[in-house]
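Reading through the structure tokens given below for one structure.
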Amino acid sequence: MHRRAVRIPDDAMAYAKRGDKIAAIKALREHTGLNLQQAREAIEAYLADPRRDAAVVPAHEPLQSQPIPRRAIVALENGRLVEAVKHVRDATGAGLKDAKEHLERHLADNPALDAKFNAAATAERRRVVKKIAGFACVLGVVTLAYLYATGQIQ
């Protein structure tokens with residue numbers, strides 16, 4: 001994996017010097033587009049040696065130019081967006097938002113996959129709703145039986 005030097009902006013350095021590590025990481029991410037882990041590592045490297053105004057971080061090619069992993073495609077075909085996002089993040093090192101947007105763009109560019117995803121997601125939601133409804137019915141019957149047994153209703 002290639003690495004690249006990223007200049008830490010002045011506002012991120014100021015936050016880090018004040019001890020506000022979260023604000024420093026946020027500012028660095030806004031300026032550079034680094035993911036959370038990369039920004040955290042860069043700020044920690046800066047704090048370890050404040051004389052440097054740059055940190056070396058892994059260089060990733062732009063997410064748009066990377067192919068969608070096959071495992072993510074299978075997850076989309078099964079209506080599981082969260083699982084697909086996880087696979088994209090594992091394969092690319094992208095952040096949560098970027099991985100989700102990348103998948104949504106891919107779905108928009110591939111109508112057949114989008115239709116399959118929507119059908120599978122709808123079926124999955126129906127399956128979950130049926131399970132919840134069944135559980136609620138059983139819970140209602142058990143509650144009524146308890147109330148009847150304890151004499152609270154007749």
Side-chain angles (χ1 to χ4, degrees), residues 1-140:
M1 176 179 291
H2 298 10
R3 298 183 75 75
R4 66 180 170 123
V6 173
R7 186 185 174 293
I8 298 176
D10 294 336
D11 58 340
M13 284 192 277
Y15 288 129
K17 287 177 185 175
R18 285 199 311 248
D20 192 350
K21 195 170 168 182
I22 293 172
I25 291 169
K26 182 179 179 186
L28 180 59
R29 290 186 72 199
E30 289 172 356
H31 285 282
T32 63
L34 294 175
N35 68 31
L36 182 60
Q37 180 179 353
Q38 292 169 327
R40 181 185 55 80
E41 290 172 359
I43 293 298
E44 287 174 352
Y46 169 73
L47 289 172
D49 185 5
R51 292 171 291 159
R52 297 181 352 191
D53 68 347
V56 177
V57 297
H60 295 286
E61 59 184 281
L63 189 58
Q64 295 81 2
S65 65
Q66 296 186 37
I68 304 288
R70 181 70 191 136
R71 294 180 316 196
I73 297 293
V74 170
L76 288 174
E77 289 172 344
N78 292 317
R80 298 188 173 143
L81 180 62
V82 173
E83 184 180 329
V85 168
K86 181 186 179 305
H87 291 309
V88 169
R89 293 186 71 200
D90 289 346
T92 65
L96 181 65
K97 180 182 175 192
D98 293 334
K100 181 177 180 280
E101 289 173 353
H102 185 49
L103 286 169
E104 288 171 343
R105 278 191 302 274
H106 185 73
L107 286 171
D109 293 342
N110 296 284
L113 178 60
D114 189 40
K116 196 169 189 178
F117 167 73
N118 287 325
T122 299
E124 182 71 13
R125 280 190 294 273
R126 284 186 182 140
R127 188 184 66 76
V128 170
V129 167
K130 283 181 182 178
K131 281 189 172 186
I132 292 171
F135 178 75
C137 288
V138 169
L139 184 62

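A distance of 8.5 Å separates CD of Glu124 from CG of Asn78, quoted to the nearest 0.5 Å. To the nearest 0.5 Å, atoms CG (Leu107) and CD1 (Ile73) are separated by 8.0 Å. Interatomic distance, CG of Leu76 versus CD of Glu104, reported as 10.0 Å (0.5 Å rounding).
Looking only at side-chain heavy atoms (C-beta outward), Val74 and His87 stay at 4.5 Å or farther from each other. Glu41 is not listed as a side-chain neighbour of Tyr46, based on a closest heavy-atom distance of 4.5 Å or more. The shortest side-chain heavy-atom distance between Phe117 and Glu77 does not fall under the 4.5 Å cut-off.
Remark: the backbone N or O of Asn110 is not paired with any side-chain donor or acceptor of Asp114 at under 3.5 angstrom.
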His102 vs Asp98, side-chain hydrogen bond (donor to acceptor under 3.5 Å, both in side chains): CA-CA, chis, key distance, verdict
CA-CA 6 Å; His102 185 49; Asp98 293 334; over 6 Å; no
Verdict with reasoning, Thr122 to Arg125, per side chain to side chain contact (heavy atoms under 4.5 Å, CB included)
CA-CA 5 Å; Thr122 299; Arg125 280 190 294 273; 3.3 Å; yes
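Annotation for Arg7 and Leu28: closest pair O-CD1, 4.2 Å, computed over non-hydrogen atoms. Between Leu103 and Ala84 the shortest heavy-atom distance is CD1-C, 3.5 Å.
With respect to Lys21 and Glu44, a salt bridge is recorded, a charged nitrogen being found less than 4.0 Å from a carboxylate O. Residues Lys86 and Glu83 are not paired through a salt bridge, judged by the lack of any N-O separation under 4.0 Å between the basic side chain and the carboxylate.
Counting non-hydrogen atoms of neighbouring residues, nucleotides and ligands closer than 6.0 angstrom, the CD1 atom of Ile22 reaches no more than 12 such neighbours. For Arg126, the CZ atom is loosely surrounded, since the number of other residues' heavy atoms within 6.0 Å does not exceed 12.
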